[in-house]
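Convention: sequence-line order gives letters A, B, ...; per-chain numbering from 1. All of these numbers come straight from a predicted model, not from anything done at the bench.
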Amino acid sequence: DTAVSQTPKYLVTQMGNDKSIKCEQNLGHDTMYWYKQDSKKFLKIMFSYNNKELIINETVPNRFSPKSPDKAHLNLHINSLELGDSAVYFCASTLNRDPFYGYTFGSGTRLTVV
Amino acid sequence: DQQVKQNSPSLSVQEGRISILNCDYTNSMFDYFLWYKKYPAEGPTFLISISSIKDKNEDGRFTVFLNKSAKHLSLHIVPSQPGDSAVYFCAASESGYALNFGKGTSLLVTP
């Protein structure tokens, strides 16, 4: 059983399109995150939800909109895709916003904008 | 601004020897420090953590050392094995906030 699953694993799309990435966790965690790993391999926090409430919203273009329908799901919708959005997007989860026992990450979604 | 820095992009070690991966941070409010391991096409996997009240934490072949005054932590792997070859990320956070990651160090353990 996959603990944190992301779909799709690969996404190739044209500039200007709108796309969504889905994330689901079956660990009973209450906090979920979206991270972006850019071409320089730097993992940067984008958003975090705790019990469906947005708690972290870093400086991210408002073309990116997260949605958490319930504690087990966190989706990422991106409007008007740009070349610079090409990256690997990782979803992660934890319990009680506690970092000590680590976040559990999904395997990533590689987004390529052409 | 990058608050967690891993200044060595790569490290090569012989099997059986010690691997030492280093990490520096700038935010004195950080109180949790973690190491993650990442294989290609997979997500990062949690390895070991340490809180700011400790200076050492051990788990099998992996030991993390924290030097708060120097704002420095390190991961020791003894003995290194070929299966340890991966990218290692250092991460840190204040309680209740998201993890900040370094850029990673690619470790290669050669037979």
Give a yes or no on this: more than 12 heavy atoms of other residues, nucleotides or ligands lie within 6.0 Å of atom OH of B:Tyr32. yes
Do A:Val4 and A:Leu76 sit in the same hydrophobic cluster, where Ile, Leu, Val, Met, Phe, Trp and Tyr count as joined when their side-chain heavy atoms come under 4.5 Å apart? no
Proximal component of A:Leu43, with respect to chain B [non-hydrogen, under 4.5 Å]: both
Non-hydrogen atoms of chain B under 4.5 Å away: do they reach the side chain of A:Tyr35, the backbone, both or neither? side chain
Go through the atoms of A:Lys9 and report whether side chain, backbone, both or neither lie under 4.5 Å from a heavy atom of chain B. side chain
Side chain, backbone, both or neither of B:Leu99 within contact of chain A (heavy atoms, under 4.5 Å): both
Hey, quick one: are B:Phe30 and B:Tyr97 part of the same hydrophobic cluster, counting side-chain heavy atoms closer than 4.5 Å, chains of contacts allowed? no
Side-chain heavy atoms nearer than 4.5 Å, only ILVMFWY residues, links allowed to pass through others: does that put A:Ile45 and A:Tyr89 together? no
Is it the backbone or the side chain of A:Phe100 that comes under 4.5 Å from a heavy atom of chain B, or both, or neither? both
Where on B:Ile50 is there a heavy atom nearer than 4.5 Å to chain A: the side chain, the backbone, both, or neither? backbone
So what's closer than 4.5 Å to chain B heavy atoms on A:Gln6: side chain, backbone, both or neither? neither
Co-membership, hydrophobic cluster, residues A:Trp34 and A:Val88, 4.5 Å side-chain: no
Okay, B:Ser93 and chain A: the region with an atom under 4.5 Å from a heavy atom over there is side chain
Heavy-atom pairs under 4.5 Å with chain A - which of B:Gly102, B:Ala41, B:Ala92, B:Ser95 has more of them than the others? B:Ala41
So for atom CZ, which belongs to B:Arg17, do other residues, nucleotides or ligands contribute more than 12 heavy atoms lying within a distance under 6.0 Å? no
Derivation of the side chain to side chain contact (heavy atoms under 4.5 Å, CB included) call for A:Phe42 and B:Gln2: CA-CA 10 Å; A:Phe42 185 36; B:Gln2 207 179 327; 3.6 Å; yes
Does A:Gln37 form a side chain to side chain contact (heavy atoms under 4.5 Å, CB included) with B:Lys103? I'd like the steps, not just the answer. CA-CA 9 Å; A:Gln37 187 180 35; B:Lys103 286 191 178 183; over 6 Å; no
Can you tell me how far CZ of B:Phe101 sits from CZ of A:Phe90, rounded to the nearest 0.5 angstrom? 9.5 Å
Where on B:Tyr36 is there a heavy atom nearer than 4.5 Å to chain A: the side chain, the backbone, both, or neither? side chain
Is there a continuous path of hydrophobic side-chain contacts, each under 4.5 Å between heavy atoms, that joins B:Phe89 to A:Tyr103? yes
Around atom NZ of B:Lys68, are there more than 12 heavy atoms of other residues, nucleotides or ligands at under 6.0 Å? yes
Out of curiosity, A:Tyr101 OH to B:Phe46 CZ, how far, rounded to the nearest 0.5 Å? 9.0 Å
